[in-house]
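Numbered from 1 within each chain, the chains take letters A, B, ... in sequence-line order.
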Amino acid sequence: MVNLEHILVLEKNEQVSSKVHVLTFATEGVPQSKPGQFFELKSPYFLRRPIGVMQQSNNKISFGIRLVGKGTSALCGLSPGDRLSALGPLGRGFDLRHVSQPGDIVIVGGGSGIFPLLYLADQMRTSGLIQGLNQIYGFRSAEECFLEVEMCQHKNNMTLCSDSGGLDFHGHAVAALEAFLAEASAKPSAIFSCGPEAMMKSVVEVGKRENIPVQVSLETRMGCGIGLCRGCVVDLKDDSREAGFRRVRCCKEGPVFPGDKVIWS
Amino acid sequence: METKVKIGDVVLSCPVLPASGCFGYGIELAQHYDLSALGGIVSKAVTLEERLGNDMPRIAETPSGMLNAIGLENPGVEFFLDVLLAQIKRFNLPIIVNLAGNEPTDYVELAEKMQDPQIVALELNLSCPNVKSGCMSIGTNPQEIERVVSAVRRATEKPIWVKLTPNVTDITEMALAAEAAGADAISLINTLLAMVVDVKTRRPLLKNNTGGLSGPAVMPVALRMVSECYRVIDIPIIGMGGIASVEDALAFLMAGASAVQIGSSAMQNPGLLFSMKDEMCTMAHDLGFSSLSEITGCLEYWN
Ligand SMILES: Cc1cc2nc3c(=O)[nH]c(=O)nc-3n(C[C@H](O)[C@H](O)[C@H](O)COP(=O)(O)OP(=O)(O)OC[C@H]3O[C@@H](n4cnc5c(N)ncnc54)[C@H](O)[C@@H]3O)c2cc1C
Ligand SMILES: Cc1cc2nc3c(=O)[nH]c(=O)nc-3n(C[C@H](O)[C@H](O)[C@H](O)COP(=O)(O)O)c2cc1C
Ligand code: FES
């Protein structure tokens, strides 16, 4: 039987912007997670906090955490040596089965959705699955950009966008995606997206229009993260059902779903 | 340490059960834990028809607990019997099926369908606060409780556990009504009707506006109710509400419970369910008990 609960020991807590910390833990016996999978991290409050994997290799695991409220503040306040209970890896990650055909891949992220995508980009690169990997990441302002050189070893083919200018692209990540597609010599074979719901929704629209499959990673409020409570459901279009949709658990069947199937709230 | 307990005619290998709706059907945790450390499996509520439950969000955190407004989402009794039951049976544990209906007749119809010998008891959910009809609207009225329980009593030979709601002025009235109508045990408590407000949006956080409060926050209320019921009824009590440690579980036994269920805290810390039996034995031994069953009702009240 595979252990579900792991005790992680914090090695490093780096503040990479005013609102973002990267926590790196030593892991022993933690199964290798797939990009898009997440862990339920213990907090001092009643519920655990679901956080996607940003990097995992050589007995280390990193999470990028955006300060949102009290739970993420507590996590970002951990010190080296502190121990933290984590359940995982949880959920199903991005589906990479269909990306082996030649063609470019585009990754579009915003906010805390960027962290799991960094892991995806990293895994794709090392797997040699793809020809071209293009990453587009959006920030509200240049000051909020937390992607340091160190965090993105392969800065080429990465477009950093800011709504207020000061980065590679002045404007929204979806506008950068449109600009990229207009100039691309070949149609990308897939788009992967994670971030604010409005952004993912627009990315799915673009994908539909351009006939490119989009996978999105969703966030919902979770009671357990491990499939027990059905607190986290998402509706997916399903013509085989009388109602026209089926209700699935974000934590178990997700958090990554085919974008064209998602019925947005 | 003898860990066996008897709930009426039902013998459980130990008094530790998962709480309905907080354990799925056991399938997820079976991949990570040895379920044989449990006294049985308690299913999520089963209804006659498939239910989608309430709109999202359905979960909110509270100080020392949580609200849920799932609204009894489940695939319906047909799917339960045709597909899920076979999977649950593979765990080789006694199965307790939690039944919920809109109408009194729903409970009868559901009970009649529960024929499998591995189903050792039916837990009638007269207490879910998150649905518009049935459940809590029955469980807050002693006449209705009596009506439903006696109708189910006539329809099945299986032991009936009646799950009660704390959202009443006098829990003993409800427990006595269930007992009079032929219940074999009572389960208490279900969640407390509650609300969380998001001041930024000026709206309740849950789409259902209200939800059921569970977790450590409710434990003292639950313990008081178990203790009150134990003093007036003769049928066994399955105690629950906020259990998060071995001390909590023993407190329920002392107050009068013959077995306990663990819900919200087991969702945060699933290992708790599976270490509970051993921890109970160790602690019971240290306290001078030689069996877990003798702890039931040993609480000594002040005069
Ligand atoms: C699958 C998944 C992966 C995630 N990955 C990351 C990540 O890699 N990095 C990151 O910074 N954040 C991530 N999030 C979001 C993160 O879980 C929330 O920001 C965090 O739970 C907020 O907790 P809090 O106590 O700081 O905020 P509060 O607002 O105080 O939290 C109150 C409650 O609401 C819940 N909640 C609030 N916002 C969210 C949200 N957006 N999603 C789910 N639950 C929420 C909390 O878990 C808590 O139960 C992810 C969410 C999901 C579902
Ligand atoms: C997410 C969730 C779902 C629940 N679903 C059910 C249910 O289907 N039927 C039922 O009788 N009780 C249900 N309950 C109530 C629990 O079984 C239990 O009575 C209550 O949560 C108190 O115990 P706890 O504090 O240990 O969670 C649910 C509770 C939660 C938190
Ligand atoms: S959060 Fe409990 S089932 Fe998904």
Using 4.0 Å as the upper bound for N to carboxylate O, is an ion pair formed by Glu50(B) and Arg247(A)? no

Please look at Pro18(B) and chain A and tell me whether the side chain, the backbone, both or neither of the residue comes under 4.5 angstrom of a heavy atom of that chain. neither

To the nearest 0.5 angstrom, please state how far the CZ atom of Phe245(A) sits from the CG atom of Leu52(B). 5.0 Å

Among Glu61(B), Met56(B), Lys44(B), Met66(B), which has the most heavy-atom pairs under 4.5 Å with chain A? Glu61(B)

Flag the pair Glu73(B) and Arg249(A) as a salt bridge only when some basic side-chain nitrogen lies within less than 4.0 angstrom of an acidic carboxylate oxygen. no

As an exercise, state the distance from CZ of Arg58(B) to OG1 of Thr220(A), rounded to the nearest 0.5 Å. 10.0 Å

Inspect the surroundings of CD in Gln87(B) and state if more than 12 heavy atoms from other residues, nucleotides or ligands are less than 6.0 Å away. yes

Within a reach of under 6.0 Å around CD of Gln32(A), are more than 12 heavy atoms found that belong to other residues, nucleotides or ligands? yes

When only pairs under 4.5 Å are counted, which of Gly215(B), Ser264(B), Pro63(B), Pro57(B) shares the most heavy-atom pairs with chain A? Ser264(B)

Side chain, backbone, both or neither: which part of Ile70(B) has a non-hydrogen atom closer than 4.5 Å to chain A? side chain

Those residues of residues 224-237 of chain A that come under 4.5 Å of chain B on a heavy-atom basis, listed by number, are Cys224(A), Ile226(A), Gly227(A), Leu228(A), Cys229(A), Arg230(A), Gly231(A), Cys232(A), Val233(A)

For residues 22-40 of chain B, give me every residue with a non-hydrogen atom less than 4.5 Å from any non-hydrogen atom of chain A. Cys22(B), Phe23(B), Gly24(B), Glu28(B), Leu29(B), Ala30(B), Gln31(B), His32(B), Tyr33(B), Asp34(B)

Segment of Asn74(B) engaging chain A (4.5 angstrom heavy-atom cut-off): neither

What part of Leu205(B) is in contact with chain A, defined as an atom under 4.5 angstrom from a non-hydrogen atom: side chain, backbone, both or neither? side chain

So, the part of Ser265(B) with a heavy atom under 4.5 Å from chain A: the answer is both

Should the heavy atoms of other residues, nucleotides or ligands under 6.0 Å from NZ of Lys277(B) be counted, would the total exceed 12? yes

Identify the heavy atoms of Asn269(B) and Glu5(A) that sit nearest to each other, and give their distance. OD1-OE1, 3.8 Å

Least distance between heavy atoms, Gln268(B) atom then Phe46(A) atom: CG-O, 3.4 Å

